[in-house]
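All remarks here apply to the structure that follows.
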Amino acid sequence: MGLIAQLQSGIQNALEALYQLDASASQLVLSPTRKEFSGDFTLVVFPFTKAAKKKPEDIANDIGNHLKSNESLVKDFNVIKGFLNLEIDPSYWVEFLKQESTNKSFGHLEKNGQKVMVEFCSPNTNKPLHLGHIRNILLGWSCAKILDQAGYEVIKTQIINDRGIHICKSMVAWMETGEGSTPESSGLKGDHFVGKYYVAYNTLERAEKDKMTAAGEEGDAPILKKARALLKKWEDQDPEVRAIWEKMNGWVYDGFDQTFDALGVSFDKLYYESDTYLLGKKYVDQGLESGLFFKKEDGSVWIDLEDAGMDQKIVLRADGTSVYMTQDIGTAQSRYEDYKMDKLVYVVGDEQNYHFKVLFEIMKRFKANYSDGLFHLSYGMVDLPTGKMKSREGTVVDADDLIKDVIREATSNANERGTLVEANDAEQSDIFRRIGLGALKYFILKVNPKKRMTFDPKESVDLHGNTGPYIQNAYVRIKSVLRKAAESPFEASFDNYKMEALELELLKQLFQFPEVVKGAAEAYDPSSVANYCYELAKNYHRFYHDHSILKVEEAVTKKFRLTLSEMVAYVLASGMNLLGVEMPEKM
RNA sequence: GGUCCUGUAGCUCAGCUGGAUAGAGCAGCUCACUUCUAAUGAGCAGGCCCCAGGUUCGAAUCCUGGCGGGAUCACCA
């Protein structure tokens with residue numbers, strides 16, 4: 001039984017013995033004692049005043065005394081107002097360190113036999129990735145890591161939006177103005193190359209439209225008509241068009257792969273919309289048969305969700321073609337056929353909240369096996385200090401540029417400090433990469449996903465304060481001490497060690513880690529892990545500042561502090577790994 | 001207009017399943033490197049937790065109603 005559960009059952013026994021009260025564990029608010037009071041865990045006794053018919057202070061004292069004499073864990077207690085502060089026998093914490101410091105799977109929850117699929121990134125293939133995708137990718141990746149560590153089997157996937165009018169626009173522009181150029185011939189990364197033609201298309205269309213307006217003509221620009229014709233040919237499987245489409249998409253995928261590599265992310269399975277966009281139709285037929293859907297006079301198919309507080313929603317056009325919802329129904333079902341997952345998480349921006357609310361309701365009515373496990377990890381838009389990112393105004397922050405910038409910043413910062421002279425170039429650039437990306441990833445993931453966030457490029461590469469590098473630095477400090485310690489090995493046991501306040505605090509924090517992982521997995525929220533890592537690093541920095549490790553005389557103290565440090569390093573690395581952040585050994 | 005999200009220090013954010021005197025970082029001002037790395041630590045200053053009611057022994061946290069910001073209410077994806 002865990003410590004908390006043991007305390008709770010002790011308190012239950014106390015309440016039963018003292019007041020014949022039958023309290024459920026959930027009624028027992030047992031929280032870590034606030035720093036300004038002494039004790040380890042605090043029980044709030046106000047809820048029992050009515051049933052026990054006593055003053056809060058008396059109840060707290062009664063329970064405290066009962067626990068002290070019946071629970072060996074509880075060494076002492078104090079009462080302030082209605083708060084019972086319990087002090088755990090310090091040997092418990094020392095024993096905890098002894099046990100868990102060698103546990104290579106500390107913070108890994110037991111396998112629960114469930115499968116979860118996480119969809120994230122899901123780009124269009126007509127332009128490069130930008131800052132918004134980065135938030136999406138980091139959230140999805142981190143979420144997948146957290147779920148994996150919380151005991152799930154995780155399948156990472158994305159749906160690639162590789163068809164539609166926007167792709168055809170890039171194609172038209174390239175066919176008209178590209179003159180056979182390629183990413184190689186132009187020295188551009190594939191996705192940027194194709195993106196260039198998407199921009200070119202928009203410029204062309206606007207120019208044509210302006211000319212038409214000036215001439216008093218109405219209607220669509222000729223180039224738009226060409227793009228539409230291309231889409232029609234694509235849908236009719238025209239081999240020539242398909243070949244160009246495949247070639248251009250191939251360039252884009254090459255480019256994306258480089259960005260994914262740079263970010264250190266990967267996927268287990270890719271779904272392409274060109275394969276899936278027709279999948280939903282058979283479910284429309286099923287829905288019609290079962291009466292879930294209904295047909296309007298024009299032949300379009302709808303579902304009525306008004307009894308669930310939503311509107312009517314179209315699921316098939318009158319001409320029999322799919323809409324977004326049709327595709328998502330089909331894709332979800334086909335994923336289930338592929339993987340039989342228990343849960344399905346979509347990492348998609350919050351502008352699609354309503355879409356997913358409707359989709360999940362439909363899947364529930366379809367009685368899909370995984371419908372209780374559907375979750376939309378919705379995140380807010382990323383703003384710049386100057387306002388919204390707008391592609392028309394050229395204020396979009398490109399993903400590749402951003403990655404380069406943060407690494408460059410980490411590099412120049414480190415060179416200024418000049419502490420890495422002994423490392424060779426390859427080592428150095430790897431360290432700078434870890435620091436730069438650590439800064440970027442932490443900066444984005446520390447914010448609660450639901451919140452719209454402001455991204456200040458200057459602040460994102462800041463290496464002081466509540467940042468990724470600050471946490472990495474705590475790890476590096478430990479590693480440096482451990483390296484030095486390894487030079488003169490010694491044996492000692494710290495069984496009877498008497499801890500300093502900061503040491504106890506660090507241990508209690510380490511103790512929390514599995515709970516943090518569990519909570520983050522339940523809430524699909526990496527920011528709680530980020531904040532935990534920060535608090536742990538902060539306490540370690542303070543400990544490191546106040547207490548020597550290698551310079552203390554007593555072998556017992558030295559051993560304890562080394563072991564404690566080692567475990568802090570392990571948990572920091574493990575926690576940051578959940579955010580997709582790699583730790584440098586030196587910095 | 002309906003629905004959903006959001007509002008905490010000058011700025012960026014924690015805390016929100018109700019608990020003790022609301023916390024960090026940045027920016028500003030002090031101080032501490034002959035040290036296991038100062039990418040650090042200690043301190044000062046900075047708050048009608050958007051407003052008004054309600055529930056409660058207790059509200060930043062829950063409820064109601066406002067106000068500000070955002071999204072959405074497409075046969076685009």
Side-chain angles (χ1 to χ4, degrees), chain A residues 26 29 31 33-34 36-37 42 44-47 49-50 56 80-83 85 122 124 159 161 163-166 273 277 298 300-302 309-311 313-319 321-328 348-355 357-358 378 380-381 383 385 388 410 413-414 416-417 419-420 435 439 443 446-448 450-456 458-460 462-474 476-478 480-485 523 527-528 530-531 534-535 537-538 540-552 561-562 565 586-587:
Chain A
S26 61
V29 184
S31 48
T33 301
R34 296 185 58 138
E36 53 271 39
F37 304 98
T42 297
V44 182
V45 302
F46 287 104
T49 48
K50 244 180 212 157
I80 296 163
K81 293 195 268 184
F83 299 91
N85 299 320
S122 305
N124 288 350
I159 177 108
N161 185 3
R163 61 166 278 280
I165 189 72
H166 48 286
E273 207 191 288
Y277 81 113
D298 64 356
S300 57
V301 181
W302 296 70
M310 288 172 254
D311 298 321
K313 189 82 193 174
I314 189 161
V315 292
L316 199 68
R317 294 190 188 98
D319 64 4
T321 56
S322 299
V323 291
Y324 183 29
M325 193 60 73
T326 332
Q327 291 179 41
D328 267 3
V348 180
D350 63 6
E351 67 276 8
Q352 293 195 37
N353 284 355
Y354 185 68
H355 171 78
K357 203 176 154 194
V358 171
S378 160
M381 194 173 282
D383 288 321
K388 262 192 188 182
N413 201 285
E416 252 172 58
R417 290 165 35 81
T419 50
L420 282 171
I435 296 172
F443 184 85
K446 75 176 173 182
V447 179
N448 186 322
K450 263 202 303 198
K451 284 193 171 177
R452 203 183 169 99
M453 70 175 288
T454 305
F455 183 88
D456 187 337
K458 261 190 286 180
E459 236 180 273
S460 72
D462 200 334
L463 313 174
H464 304 274
N466 186 354
T467 65
Y470 172 91
I471 299 165
Q472 289 173 323
N473 184 231
V476 164
R477 283 179 141 180
I478 295 170
S480 168
V481 171
L482 293 177
R483 273 196 301 272
K484 206 153 268 184
S527 70
S528 54
N531 285 302
Y534 173 64
E535 294 297 331
K538 197 158 71 146
Y540 189 81
H541 276 307
R542 198 175 319 169
F543 162 74
Y544 181 93
H545 183 268
D546 289 359
H547 302 289
S548 293
I549 298 168
L550 296 177
K551 292 189 176 167
V552 289
R561 290 184 179 167
L562 280 169
S565 297
K586 299 173 184 172
M587 65 195 284

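So you know, we letter chains A, B, ... as the sequences are listed, proteins then strands, and number each from 1.
The ring pair (Phe, Tyr, Trp, His ring centres under 6.0 Å) check on A:His355 picks up A:Tyr324, with sequence neighbours excluded. Every residue two or more places apart in sequence or in another chain that forms a side-chain contact (heavy atoms from CB on, under 4.5 Å) with A:Lys538 is listed here: A:Tyr470, A:Tyr534, A:Glu535, A:Arg542.
Across all strands, A:Tyr534 comes closer than 4.0 Å only to sugar-phosphate atoms, never to a base (heavy-atom distances). A:Asn448 comes within 4.0 angstrom of the backbone, heavy atoms only, and of no base. Backbone-only engagement by A:Arg452 is indicated by non-hydrogen atom pairs under 4.0 Å involving sugar-phosphate atoms exclusively. Counting any heavy atom pair closer than 4.0 Å across all strands shown, A:Gln327 reaches sugar-phosphate atoms only and no base atom. Looking at heavy-atom distances under 4.0 Å, A:Met453 makes contact with sugar-phosphate atoms alone, never a base. Nucleic acid contact for A:Ile435: base, since at least one base atom lies under 4.0 Å from a heavy atom of the residue. Backbone-only engagement by A:Glu273 is indicated by non-hydrogen atom pairs under 4.0 Å involving sugar-phosphate atoms exclusively. Contacts of A:Arg34 with the nucleic acid, taken as non-hydrogen atoms under 4.0 Å apart, include base atoms. Residue A:Ala414 is classed as a base contact, given a heavy-atom separation below 4.0 Å to a base. A:Asp298 comes within contact range of at least one nucleobase, with a heavy-atom separation under 4.0 Å. Nucleic acid contact class of A:Val44 (heavy atoms, under 4.0 Å, all strands): base. Among the protein residues, A:Ser548 comes within range of the nucleic acid bases, having at least one heavy atom under 4.0 Å from a base atom.
Taking every side-chain heavy atom of A:Tyr470 into account, B:U40 is the closest of B:U40, B:A20, B:U35. For A:Leu550, whose side chain is taken as the heavy atoms from C-beta onward, the closest listed nucleotide among B:C36, B:U40, B:U37 is B:C36. In this structure, of B:C36, B:G7, B:G19, it is B:G7 that holds the atom nearest to the side chain of A:Lys451.
Residue side chain A:Thr42 reaches the base of B:A20 through a donor-acceptor N/O pair under 3.5 Å, judged by distance alone. No N or O donor and acceptor, one from the side chain of A:Asn161 and one from the base of B:C76, sit under 3.5 Å apart. Contact of A:Asn85 with B:A20 (side chain to base): a donor-acceptor pair of N or O atoms is detected under 3.5 Å.
When Watson-Crick and G-U wobble pairs are counted only if both distances are under 3.5 Å, B:U55 pairs with no nucleotide at all. B:C36 makes up no base pair with any nucleotide shown, lacking Watson-Crick or G-U wobble contacts both under 3.5 Å. Shown here, B:C49 forms no base pair; nothing in the strands shown gives a Watson-Crick or G-U wobble contact with both key distances under 3.5 Å. Across all strands shown, the partner of B:G1 is B:C73, judged by Watson-Crick or G-U wobble contacts whose two distances both fall under 3.5 Å. Across every strand in view, B:A22 sits unpaired, with no contact that passes the Watson-Crick or G-U test at under 3.5 angstrom. With a cut-off of 3.5 Å on both Watson-Crick or G-U wobble distances, the partner of B:A42 is given as B:U30.
Atom P of B:G28 sits at a distance of 31 Å from the matching atom of B:C36, rounded to the whole Å. When the P atom is used for both B:A77 and B:U72, the distance is 16 Å, rounded to whole Å. Rounded to a whole angstrom, the distance from the P atom of B:G68 to that of B:C29 is 38 Å. Using atom P as the reference point in both B:G47 and B:C11, the two lie 12 Å apart (nearest Å).
Atom C1' of nucleotide B:C36 and atom CZ of A:Arg477 are separated by 9 Å, given to the nearest angstrom. Spacing between atom CG of A:Asn466 and atom C1' of B:U12 amounts to 10 Å, rounded to whole angstrom units. The distance between atom NZ of A:Lys357 and atom P of B:U72, rounded to the nearest whole Å, is 15 Å. Taking atom CZ on A:Arg163 and atom P on B:C76, their separation rounds to 11 Å, with Å as the unit.
Of the N and O atoms on the side chains of A:Ser31 and A:Thr42, not one donor lies less than 3.5 Å from an acceptor on the other residue. A donor-acceptor pair shorter than 3.5 Å cannot be found between the side chains of A:Ser565 and A:Tyr544. There is no side-chain donor-acceptor pair under 3.5 Å between A:Asp383 and A:Thr454.
A:His355 has no side-chain polar atom (N or O) that falls below the 4.0 Å cut-off from OP1 or OP2 of B:U72. Here A:Lys450 reaches the OP1 or OP2 of B:U6: one of its side-chain N or O atoms lies under 4.0 Å away. Look at A:Ser480 and you'll find a side-chain N or O under 4.0 angstrom from OP1 or OP2 of B:U37. Contact annotation: A:Lys81 side-chain N/O to B:U21 OP1/OP2 distance is under 4.0 Å. Between A:Arg542 and B:A42 there is a side-chain polar atom (N or O) within less than 4.0 angstrom of OP1 or OP2. A close approach under 4.0 Å does occur between a side-chain nitrogen or oxygen of A:Lys388 and OP1 or OP2 of B:A71.
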Verdict with supporting geometry, A:Met453 and A:Met381, side chain to side chain contact (heavy atoms under 4.5 Å, CB included): CA-CA 7 Å; A:Met453 70 175 288; A:Met381 194 173 282; over 6 Å; no
Derivation and outcome, side chain to side chain contact (heavy atoms under 4.5 Å, CB included), residues A:Lys484 and A:Leu550: CA-CA 8 Å; A:Lys484 206 153 268 184; A:Leu550 296 177; 3.7 Å; yes
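Taking the 5.5 Å centre cut-off and the 30° plane limit, the aromatic side chain of A:Phe83 is classed as stacked on B:A20. Residue ring and base: A:Phe46 counts as stacked with B:G19 (centre distance below 5.5 Å, interplanar angle below 30°).
The aromatic ring centroids of A:Phe37 and A:Phe83 lie 6.0 Å or more from each other.
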